[in-house]
Amino acid sequence: MDGNFFHDVYEVVRLIPFGRVTSYGAISRYLGAKNKARMVGWAMNSAHSLSDIPAHRVVNQQGILSGKDHFDPDSSMQSRLEAEGIIIQNNKIRHFKKVFWDPSSELL
DNA sequence: TGGCTGACTTTCG
DNA sequence: ACGAAAGCCAGCC
């Protein structure tokens, strides 16, 4: 268990620009493992301890804040996203397509 | 060591 | 458009 996968996930999440979001599947696909989408979320679970990891910028493919419940009660995922200019409605990101950031396309 | 879990995604009904 | 089920793999008892 080298944790290389986790490290890669952390780096990608750290590279997410301000006011942008991405999906677990996009990250896993960027890493070359689209079937490991759940592992990305798992990596986040370990990453939530690190303040350097903007896990709030990572949502599911639908743009829903799936992991908002896993966030600290003091700093909710939605509040952080709204602080970045992202509009959230019904636990879902508005204009998700606009704020979506695909590492495979943008980062290249 | 073995088996359950999960912050997902895709597909069929 | 909505709901339910399968697939996938690494970490954690």
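Here the side chain of D72(A) pairs no donor or acceptor atom with the backbone of D74(A) at under 3.5 angstrom. Under a 3.5 Å cut-off, the side chain of S28(A) and the backbone N or O of K36(A) do not form any donor-acceptor pair.
Linking Ile, Leu, Val, Met, Phe, Trp and Tyr residues whenever their side-chain heavy atoms come within less than 4.5 Å places V12(A) and M39(A) in a single cluster. V9(A) and W101(A) fall within the same hydrophobic cluster, defined by Ile, Leu, Val, Met, Phe, Trp and Tyr side-chain heavy atoms under 4.5 Å apart, directly or through other members. Hydrophobic clustering, with ILVMFWY side chains joined whenever heavy atoms are under 4.5 angstrom apart, keeps F71(A) apart from L50(A).
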Could you please spell out the steps behind the side chain to side chain contact (heavy atoms under 4.5 Å, CB included) verdict for V59(A) and I64(A)?
CA-CA 6 Å; V59(A) 296; I64(A) 303 173; over 6 Å; no

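Within 6.0 Å of CD in E82(A) there are more than 12 heavy atoms belonging to other residues, nucleotides or ligands. The environment of R94(A) atom CZ is sparse: at most 12 non-hydrogen atoms of other residues, nucleotides or ligands sit within 6.0 angstrom. Applying the 6.0 Å contact sphere to CG of L15(A) captures more than 12 heavy atoms from other residues, nucleotides or ligands.
Remark: C1' of dC9(C) and CZ of F6(A) are 10 Å apart, rounded to the nearest angstrom. To the nearest angstrom, P of dC8(B) lies 11 Å from CG of L65(A). Rounded to a whole Å, the CG atom of N35(A) is 9 Å from the P atom of dA10(C). Atom CH2 of W42(A) is separated from atom P of dA7(B) by 7 Å (rounded to the nearest Å). The separation between I53(A) atom CD1 and dA7(B) atom P is 18 Å, rounded to whole Å.
The heavy-atom pair separating A26(A) from P103(A) by the smallest distance is O-CG, 4.0 Å.
With a 4.5 Å cut-off on side-chain heavy atoms, I16(A) and V21(A) do not count as touching.
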Identify each atom pair where a protein N or O and an N or O of nucleotides 9-13 of chain B are less than 3.5 Å apart, giving names and distance.
unit_1	atom_1	unit_2	atom_2	d
dT9(B)	OP1	G25(A)	N	3.3
dT9(B)	OP1	Q61(A)	N	3.0
dT9(B)	OP2	Q61(A)	N	2.7

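Residues forming a ring-ring contact (aromatic ring centres under 6.0 Å, His included) with F100(A) (at least two apart in sequence, or on another chain): F96(A). Under the salt bridge (charged side-chain N to carboxylate O under 4.0 Å, His left out) criterion, R57(A) pairs with E84(A), sequence neighbours left out.
Residue R38(A) places a side-chain atom within donor-acceptor reach of the base of dG7(C), judged by atom type and a 3.5 Å distance cut-off alone.
Comparing atom distances between the A55(A) side chain and each of dA7(B), dA10(C), dC12(C) picks out dA7(B) as nearest.
Between dA7(B) and N45(A), no contact under 4.0 Å exists linking OP1 or OP2 to a side-chain N or O.
Contact check of residues 87-95 of chain A against DNA chain B (heavy atom, cut-off under 4.0 Å) returns no residues at all. Residues from residues 66-82 of chain A placing a heavy atom under 4.0 Å of any atom in DNA chain B, listed by number, are S66(A), G67(A), H70(A), F71(A).
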5'-to-3' dot-bracket of DNA chain C (Watson-Crick, G-U; under 3.5 angstrom; crossing pairs as [ ]; | other strand)
.||||||.|||||

